Amino acid sequence: ARAETSAGAGFWVQIGAYRERTGALDFQHRLIDEQPWLAPLLAVFSDRGMNKLQAGPYTSRDDAKSAAERIRTALQLVPTIVEKR
């Protein structure tokens, strides 16, 4: 999986945001172990002092919504959809 990358255009599902980069990377590795289908989609972005764990990019908001629902069910958390241009 991508450890850290530049934000690609499209829709992303934000799974978590952390002040410490290690927190985002630790959660990313845990998700890769527990939900291997997420591995190729995960990336950590540094933005305004926060390290954001996101899955994507998706070409449409509908695709991102579908992924967010799957993530919500699998992880029992509420993800956010983010659009990057």
Side-chain angles (χ1 to χ4, degrees):
R2 300 168 287 202
E4 185 163 357
T5 186
S6 326
F11 294 91
W12 291 78
V13 179
Q14 184 165 308
I15 300 170
Y18 304 83
R19 285 196 185 278
E20 299 294 326
R21 182 170 177 250
T22 55
L25 294 174
D26 287 348
F27 192 43
Q28 179 186 28
H29 294 296
R30 187 177 127 210
L31 290 180
I32 289 168
D33 289 342
E34 294 176 8
Q35 304 291 329
W37 63 272
L38 270 174
L41 302 171
L42 294 175
V44 174
F45 300 103
S46 295
D47 180 34
R48 294 183 217 136
M50 297 298 289
N51 296 281
K52 300 175 180 182
L53 178 60
Q54 299 178 346
Y58 297 93
T59 55
S60 72
R61 184 173 294 278
D62 286 340
D63 288 345
K65 275 184 174 179
S66 294
E69 282 302 315
R70 185 172 179 198
I71 290 168
R72 179 186 330 252
T73 300
L75 305 178
Q76 299 298 304
L77 57 77
V78 181
T80 304
I81 296 173
V82 179
E83 181 179 8
K84 297 181 183 180
R85 298 175 185 205

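Along the sequence shown, the residues carry numbers beginning at 1. As the structure is a computational prediction, the values presented were derived from the model and not from experiment.
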### Message
If the condition is salt bridge (charged side-chain N to carboxylate O under 4.0 Å, His left out), which residues does R72 pass it with, not counting sequence neighbours?
### Response
E69
## Note on the structure
Taken in chain and number order and not counting sequence neighbours, the residues that satisfy side-chain hydrogen bond (donor to acceptor under 3.5 Å, both in side chains) with E20 are none
### Query
Excluding sequence neighbours, so at least two apart, what forms salt bridge (charged side-chain N to carboxylate O under 4.0 Å, His left out) with R48?
none
### Task
First locate atom CH2 of W12, then atom OG1 of T80, and finally report the distance between them rounded to the nearest 0.5 Å.
15.0 Å
#### Entry: Cluster check V78, M50: I/L/V/M/F/W/Y, side chain < 4.5 angstrom
no
## Note on the structure
The complete set of salt bridge (charged side-chain N to carboxylate O under 4.0 Å, His left out) pairs with one or both residues in residues 53-62, sequence neighbours excluded, reads R61-E83
#### Entry: With R19 via salt bridge (charged side-chain N to carboxylate O under 4.0 Å, His left out) - residues at least two apart
none
### Query
Listed by chain and number, what are the salt bridge (charged side-chain N to carboxylate O under 4.0 Å, His left out) partners of D47, not counting sequence neighbours?
K52
## Note on the structure
Contacts of S60 meeting side-chain hydrogen bond (donor to acceptor under 3.5 Å, both in side chains) (sequence neighbours excluded), chain-then-number -> D63
### Query
How long is the span from the NE2 atom in H29 to the CD1 atom in I32, to the nearest 0.5 Å?
6.0 Å
### Query
Which residue, I71, V82, I81, forms the side chain to side chain contact (heavy atoms under 4.5 Å, CB included) with Q14?
V82
#### Entry: Minimal non-hydrogen separation, A9 against P57, with atom names
O-CB, 3.6 Å
### Message
Are the side chains of V13 and L41 in contact, using a 4.5 Å heavy-atom criterion?
### Response
no
#### Entry: All side-chain contact (heavy atoms from CB on, under 4.5 Å) counterparts of A24, not counting sequence neighbours
Y18, V44, N51
### Message
According to side-chain contact (heavy atoms from CB on, under 4.5 Å), who are the partners of Q35, at least two apart in sequence or on a separate chain?
### Response
W37, L38, A74, L75
